[in-house]
Amino acid sequence: KILNIHDWGHVPNTENLPGIPARVTAVHKERYEIVCRHGITHARLKTKEYYMDTQDFPTAGDFVMVNYIENGDSRITATLPRKTLFSRREPGPIPRDQAVAANFDYVFILQSLNQDFNPRRLERYLTLSWQSGATPVVLLTKADLVEDYWPYLTQADRICAGVNIHVVSAHTGYGLERLNAYLQPGKSVVFLG
């Protein structure tokens, strides 16, 4: 069965590029787990393109072009343009950014409805989400641990004006059905918190 790569998110234009498009689903040092029309497989970077040219090193969520190899690691030849990105400062003497996740549509910002609820952290995560280029969605989790979640919801609504906020409980299933609107083919979500 051939997979439709477009079910895995919006694929940038690949016209006139050699190889086939794939999406990076995990990074294991120098080996990448990818999904392409042939299914889930592994790939490594094509050395010249990444160590001698100016290609961005792939991260989880990136769309890449690969030379597919059926019985071995495929070769990643190009990182396609990103629509959203989380990055962090790479440790070391030369300040540069390291990509952490790319090409997501929504950022689920998790805040627990217990002693761990932190308005300042929620503000920071909201700022990071907007800076990534994606749409933030706040999930107030562990609704089963509080008798009244309205004070938390009111506080979160003040901080996150105009952002969708959902109260959920993984333990009881409360509110989880509301997340189905975000969890659709072709859409990607990252979690922050």
For a quick check under 3.5 Å, do Y182 and N164 share a side-chain donor-acceptor pair by atom type?
yes
Cluster question for you: counting only ILVMFWY and a side-chain heavy-atom cut-off of under 4.5 Å, with indirect links fine, are L110 and L179 together?
yes
At what distance, to the nearest 0.5 angstrom, does CD of Q111 lie from CG of L140?
7.5 Å
Keeping the roles fixed (side chain from T77, backbone from M65), state whether a donor-acceptor pair exists under 3.5 Å.
yes
Taking everything shown except E177 itself, do over 12 heavy atoms lie less than 6.0 Å from its CD?
yes
Spacing of D56 atom CG and T59 atom OG1 [to the nearest 0.5 Å]
10.5 Å
Side chain proximity check, P58 to L45, heavy atoms < 4.5 angstrom:
yes
Is there side-chain contact between S112 and F117, with heavy atoms separated by less than 4.5 Å?
no
Say you draw a straight line from OG1 of T141 to NE2 of H171; how long is it, rounded to the nearest 0.5 Å?
13.5 Å
Side chains of W130 and V107: closer than 4.5 Å at any heavy-atom pair?
no
Taking atom types as modelled, is there a side-chain donor on R44 or S74 under 3.5 Å from an acceptor on the other?
no
Hey, does I34 have a side-chain heavy atom less than 4.5 Å from the side chain of T41?
yes
Could you please spell out the steps behind the side chain to side chain contact (heavy atoms under 4.5 Å, CB included) verdict for C36 and L3?
CA-CA 7 Å; C36 66; L3 291 178; over 6 Å; no
Out of curiosity, does V163 fall in the hydrophobic cluster containing L113 (side-chain heavy atoms, cut-off under 4.5 Å, transitive links)?
yes
Please determine whether residues F63 and I76 belong to a single hydrophobic cluster, defined as Ile, Leu, Val, Met, Phe, Trp and Tyr linked transitively by side-chain heavy-atom distances below 4.5 Å.
no
Note, V146 side chain near Y152 side chain (heavy atom, < 4.5 Å):
yes
Inspect the surroundings of NE2 in H42 and state if more than 12 heavy atoms from other residues, nucleotides or ligands are less than 6.0 Å away.
yes
Give the intermediate values and the outcome of side chain to side chain contact (heavy atoms under 4.5 Å, CB included) for residues F86 and V190.
CA-CA 10 Å; F86 271 135; V190 295; 3.5 Å; yes
Y174 ring center within less than 6.0 Å of H166 ring center
no
Run the numbers on I109 and V137 for side chain to side chain contact (heavy atoms under 4.5 Å, CB included), then give the verdict.
CA-CA 6 Å; I109 302 171; V137 177; over 6 Å; no
Heavy-atom neighbours of R37 CZ exceed 12 at 6.0 Å:
no
Is a side-chain donor or acceptor of R23 paired with a backbone partner of G61 at a separation under 3.5 angstrom?
yes
Closer than 3.5 angstrom, by distance alone: can the side chain of T172 be matched with the main-chain N or O of D144 as a donor-acceptor pair?
no
Please write out which residues are connected to I69 in a hydrophobic cluster, directly or through intermediates, given that two of Ile, Leu, Val, Met, Phe, Trp, Tyr count as joined at side-chain heavy-atom separations below 4.5 angstrom.
none
Short side-chain to backbone donor-acceptor contact, T84 and F104, under 3.5 Å:
yes
At their closest point, which heavy atom of A102 faces which heavy atom of L85, and how far apart are they?
CB-CD1, 4.2 Å
Would you say the side chain of V24 lies within less than 4.5 Å of the side chain of E33, judging by non-hydrogen atoms?
no
Checking the side chain of D7 only, and the main-chain atoms of P185 only, is there a donor and an acceptor separated by less than 3.5 Å?
no
For V167 and R178, which heavy atoms make the closest approach, and how far apart are they?
O-NH1, 3.8 Å
Salt-bridge test for R82 and D62: reply yes if a basic N is under 4.0 Å from a carboxylate O, no otherwise.
yes
Value for CG (L139) from OG (S169), rounded to nearest 0.5 Å, stands at 12.0 Å
Output yes when D116 and K142 qualify as a salt bridge under the 4.0 Å nitrogen-oxygen rule, no when they do not.
no
Using the rule that two of Ile, Leu, Val, Met, Phe, Trp, Tyr join whenever any of their side-chain heavy atoms come within less than 4.5 Å, decide whether L122 and L192 are in one cluster.
yes
Centroid-centroid distance, H38 to Y68, less than 6.0 Å:
yes
With hydrophobic residues grouped by side-chain heavy-atom distances under 4.5 Å, do F191 and I165 end up in a single group?
no
Starting at CG of L80, measure out to NE2 of H10 and round the result to the nearest 0.5 Å.
10.5 Å
Do V189 and D105 pass the side chain to side chain contact (heavy atoms under 4.5 Å, CB included) test, and can you show the C-alpha distance, the side-chain angles, and the key distance before you say yes or no?
CA-CA 6 Å; V189 176; D105 299 284; over 6 Å; no
